[in-house]
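FYI, side chains are in, hydrogens and waters are out, and symmetry mates aren't considered; it's all heavy atoms of this structure. Below, chain A is the first sequence line, B the second, and so on; all start at residue 1.
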Amino acid sequence: MNAPALKEWPLWEVFVRSKQGLEHKHCGSLHASDARHALQMARDVYTRRQEGVSIWVVPSTAITASEPDSKDSFFDPAADKIYRHPTFYEIPDKVGHM
Amino acid sequence: MYTQSFSVADGATPGAAKPAATPLRNEDAALQAHFDTVIDADGKIEPRDWMPDAYRKTLVRQISQHAHSEIVGMLPEGNWISRAPSLKRKAILIAKVQDEGGHGLYLYSAAETLGTSRDQMLDALHTGKAKYSSIFNYPTLNWADVGVIGWLVDGAAIMNQIPLCRCSYGPYARAMIRVCKEESFHQRQGYEALLVMMQGTAEQKAMVQDAVNRYWWKCLAMFGPPDADSPNSVQGMRWGIKRIGNDDLRQKFVDATVPQAEVLGVTLPDPDLKWNEARGHWDYGQIDWDEFWATVNGHGPMNQERLATRVKAHEQGAWVREAALAHARKQQQRQQKEAA
């Protein structure tokens with residue numbers, strides 16, 4: 001091992017599926033020594049009251065995030081394309097629900 | 001549960017003068033303006049957003065104090081797990097203490113998003129630099145104390161924590177929503193345990209009254225000094241960290257608790273406690289702030305013991321933390337070798 005010895009357990013992000021049919025949702029983070037340990041800890045911390053039927057744990061360092069500072073320019077391309085929304089189109093009332 | 005409803009300076013005396021905000025560079029001024037706009041619009045700040053240093057520092061201090069309080073709060077109740085009067089009460093108490101550990105973790109995680117490490121925070125707690133809720137620097141002398149902690153201490157904490165669910169810092173607000181969901185169980189189990197004792201022998205009833213007598217004033221003090229003596233509150237309000245003033249929260253707590261005490265059949269130890277028709281609230285007597293500050297500043301009956309117990313537990317757990325890491329490294333090496 002040439003990586004420097006860690007003192008703190010690495011950080012993991014926890015995603016929980018609350019019931020079959022729903023997506024996994026981020027619910028928090030925790031420190032654990034490895035993936036299996038992280039799963040056990042996540043079960044004990046985030047599903048003590050049957051809040052989940054499935055858990056994902058991901059090393060926090062594995063997440064790539066968009067830059068908050070470039071929030072405007074990064075998401076800008078979508079701002080002027082209102083024709084992507086159904087409400088952009090006027091349909092005669094007599095057509096009914098469409 | 002368990003936060004003090006105000007932010008105490010770590011390792012400093014209260015009321016110390018703070019320098020006015022330092023002048024901002026131009027780009028900072030623009031960022032500050034954007035930050036102010038978000039706060040004014042009741043928006044949320046997220047971890048990687050720009051925020052003023054003082055906002056970050058205040059949050060780290062408040063969230064870590066809150067986390068420490070959850071962790072130290074496990075000690076007085078943990079003492080009673082082996083002495084719980086029945087298997088049912090033992091199971092309940094274990095679940096509650098486990099919740100407190102979880103609450104500590106949610107909060108440490110929220111504080112870590114601000115760029116402070118778990119080890120730094122634990123170190124600040126263990127060296128006595130960081131504060132935690134002063135309520136845990138009093139002893140839990142009998143089983144009724146466990147019930148009273150649930151009913152009154154957790155009850156006071158809930159009052160304080162519900163507005164924190166709307167705090168301007170996203171991770172703190174989300175942690176508090178999770179905490180509040182679990183907190184109601186804590187208060188109800190405590191109150192119910194006391195109800196059972198109040199149906200018991202004269203000695204058992206006396207134990208409940210004794211516990212209420214010892215904890216009532218300390219719970220009122222948990223909300224922090226009167227707004228007039230709480231200069232940090234104003235800034236906390238401005239930043240959307242604090243939503244309701246200390247005195248209002250305290251009044252809400254008193255108003256909610258008086259009828260609960262009546263149903264329970266205990267007397268709240270305050271001769272000045274009486275209904276004020278004009279205000280539509282209960283009036284209450286003077287809180288002993290000298291005693292409160294003495295405890296906050298380390299001179300409460302249990303300060304040293306609580307900290308020593310916490311440090312000992314951490315030190316005795318060191319081999320587990322190290323062994324888990326060593327195991328993880330070994331597994332990783334084995335996998336690499338197999339892959340090679």
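With contacts defined as side-chain heavy-atom distances shorter than 4.5 Å, the pair Pro10(A)/Leu325(B) qualifies. Under the 4.5 Å side-chain criterion, counting only non-hydrogen atoms from C-beta, Leu105(B) is in contact with Tyr46(A). The closest side-chain heavy-atom distance from Glu182(B) to Arg48(A) is below 4.5 Å.
For Arg238(B), the CZ atom sits in a packed shell: over 12 heavy atoms of surrounding residues, nucleotides or ligands are nearer than 6.0 Å. Counted within 6.0 Å of NZ on Lys312(B), heavy atoms from surrounding residues, nucleotides or ligands total 12 or fewer; the atom is thus considered open.
Tyr106(B) contributes a side-chain N or O that, together with a main-chain N or O of Val45(A), makes up a donor-acceptor pair within less than 3.5 Å.
At a 4.5 Å heavy-atom cutoff, Arg174(B) makes no contact with chain A through either its backbone or its side chain. Heavy-atom distances place the side chain of Glu112(B), and not its backbone, under 4.5 Å from chain A. Contacts between Ala32(A) and chain B at a heavy-atom distance below 4.5 Å are absent for every atom of the residue. Residue Thr113(B): no heavy atom, backbone or side chain, is found under 4.5 Å from chain A.
A salt bridge links Arg49(A) with Asp99(B): at least one charged nitrogen is closer than 4.0 Å to a carboxylate oxygen.
When every heavy atom of Ser33(A) is checked against every heavy atom of Ala328(B), the shortest pair comes out as O-CB, 3.3 Å. When all heavy atoms of Trp9(A) and Val320(B) are compared, the pair lying nearest together is CZ2-O, 4.3 Å. Listed here is the closest heavy atom pair of Ser66(A) and Arg48(B): O-NH1, 2.8 Å.
Rounded to the nearest 0.5 angstrom, His31(A) NE2 and Arg118(B) CZ are separated by 4.0 Å. Separation of atoms CZ (Arg329(B)) and CG (Asp34(A)) is listed at 11.5 Å; rounding is to 0.5 Å. Interatomic distance, CZ of Arg36(A) versus NE2 of His327(B), reported as 5.5 Å (0.5 Å rounding).
Proximity to chain B among residues 19-29 of chain A is limited to Cys27(A), Ser29(A), judged by heavy-atom separations below 4.5 angstrom.
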